[in-house]
Amino acid sequence: MNGTAVTVIGLGPMGRAMTRALLGAGHPVTVWNRTAARAADVVAAGATRAATPTEALGAAELVVLSLTDYAAMYAIFDGHEEALAGRTVVNLSSDTPERTRQAARWLAERGARSLVGGVMVPAPVVGTPDAFVFYSGPREVLDAHAAALGVLGRPEYLGADPALAQLYYQAQLDYFLTALAAYLHSSALVATAGVSAKEYLPHALAMADSISTYLPEAAAELDARAYPGDLANATMMGATAEHILESSRTSGVDSALPEAVASLYRRAVAAGHGRDSWTALAEVVRGSLVGDDDR
């Protein structure tokens, strides 16, 4: 192997996938995991198992974290903080934007450079041409390690604020998780009439495809904060949301998701957006964002 040495800490499915991709690209990889048995398959593939976090940090200048959250990072590095000096820590763990900024400061105080990332594909896709990773933090850190990080997926740099990658990651998963929940809910609704998921599938796929046609116009309206309701206004769509909610309740399907959607429409109409487009719900979703007084 003649690639840059990399340490991977955290060997869940994503950490193991990244380790295998790096090994396959010729990078020597040292691994550490709190449950040591999880390292067995990647060690068999050529990775080196470190006995301690200090040993893992000392094995490479580039350290990739694949952990549940940032609390896990602090727990792992407790008592091993001196070994962080001079390391480049690429944190691919999920957490809130504010905790991400705090972690970047914490690492800097201990002499480490940091880069934040969000892997936007499932573990089996890591290392393939379809993989991509959001990054934010110092651009020079990404540039210095582009060869190794590019093995994991196409890097998409978002800016210097370390929270940006986390925000994009959370936003994408917000969209993804909500859409999946909506599919499950709609499938449950038709199932009350004996319709199978397979039978309903073509209609769900058509709806998923059609949603993309609404987004370019919606994005323009969101940026302009202007919501023309010429074709379908919030009052009309809100009535449909109430019907979905009532149908869920009377059929015995869980109503938490349609209740949340109907609530957005109710509040938008109450705020005077009844004749505006559905995009006016953004004024409810936004809450009290900084700059709203400048409209």
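Just so you know, these numbers come straight off a predicted model, no measurement behind them.
Between the side chain of R20 and the backbone N or O of A45 there is no donor-acceptor pair closer than 3.5 Å. For Y265 (side chain) and M236 (main-chain N/O), no donor-acceptor pair under 3.5 Å exists by modelled atom type. Side-chain N or O atoms of E61 include one that pairs as donor or acceptor with a backbone N or O of T88 at under 3.5 Å. For the pair S263 (side chain) and E259 (backbone), a donor-acceptor distance under 3.5 Å is absent. E55 places a side-chain N or O within 3.5 Å of a backbone atom of A51 that can act as its donor or acceptor partner. A donor-acceptor pair under 3.5 Å is formed between the side chain of D69 and the backbone N or O of A72. Remark: side-chain polar atoms of H185 are paired, donor with acceptor, to backbone N or O of D254 under 3.5 angstrom. Proximity of a side-chain donor or acceptor of S136 to a complementary backbone N or O of A165 within less than 3.5 Å is detected.
V31 places a side-chain heavy atom less than 4.5 Å from the side chain of L11. Annotation: side chain of T48 is not in contact with side chain of P28 (no heavy-atom distance under 4.5 Å). Under the 4.5 Å side-chain criterion, counting only non-hydrogen atoms from C-beta, E221 is in contact with S277. Between Y200 and S186, the closest side-chain pair of non-hydrogen atoms falls below 4.5 Å. Looking at heavy atoms from C-beta onward, S94 lies in side-chain contact with Q166 at the 4.5 angstrom threshold. At a threshold of 4.5 Å between non-hydrogen side-chain atoms, the residues L92 and V64 count as touching. Residues L173 and M120 meet the side-chain proximity criterion, which asks for heavy atoms closer than 4.5 Å. Under the 4.5 Å side-chain criterion, counting only non-hydrogen atoms from C-beta, T192 is in contact with V253.
Counting non-hydrogen atoms of other residues, nucleotides and ligands closer than 6.0 Å to OH of Y214 gives a total of 12 or fewer. Atom CG of L231 has 12 or fewer heavy atoms from other residues, nucleotides or ligands within 6.0 Å. For Y168, the OH atom counts as loosely surrounded, since its 6.0 Å shell holds 12 or fewer non-hydrogen atoms of other residues, nucleotides or ligands. By the neighbour-count criterion of 12 heavy atoms within 6.0 Å, atom CZ of R275 is sparsely surrounded, having that number or fewer from other residues, nucleotides or ligands.
N91 and S93 share a side-chain donor-acceptor pair at under 3.5 Å. A donor-acceptor pair shorter than 3.5 Å cannot be found between the side chains of T52 and T54. Judged purely by distance below 3.5 Å, without hydrogens or angles, the side chains of Q102 and Y70 never pair a donor atom with an acceptor atom.
Atom OG1 of residue T19 and atom NE2 of residue H27 lie 12.0 Å apart, to the nearest 0.5 angstrom. Rounding to the nearest 0.5 Å places CG of L281 at 13.5 Å from CZ of R286. Put simply, CZ on R49 and CH2 on W32 are 12.0 Å apart, with the number rounded to the nearest 0.5 Å. If you take CG on D174 and CG on L167, they are separated by 11.5 Å, rounding to the nearest 0.5 Å. A distance of 5.0 Å separates CG in L65 from CG in L67, rounded to the nearest 0.5 Å. Distance check: L152 CG to Y135 OH gives 5.0 Å after rounding to the nearest 0.5 Å.
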Next on the checklist: If you apply the rule salt bridge (Lys or Arg N to Asp or Glu O under 4.0 Å), what do you find for R225 with E283, and how did you get there?
Outcome noted: CA-CA 8 Å; R225 298 186 75 171; E283 297 298 328; 2.6 Å; yes

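Salt-bridge annotation for E98 and R101: present, with a side-chain N of the basic residue lying under 4.0 Å from a carboxylate O of the acidic one.
Taking the side chain to side chain contact (heavy atoms under 4.5 Å, CB included) definition, one finds that A59 meets it with T7, T30, sequence neighbours left out.
Classification of the W106-F77 ring pair by plane angle, with boundaries at 30° and 60°, yields parallel.
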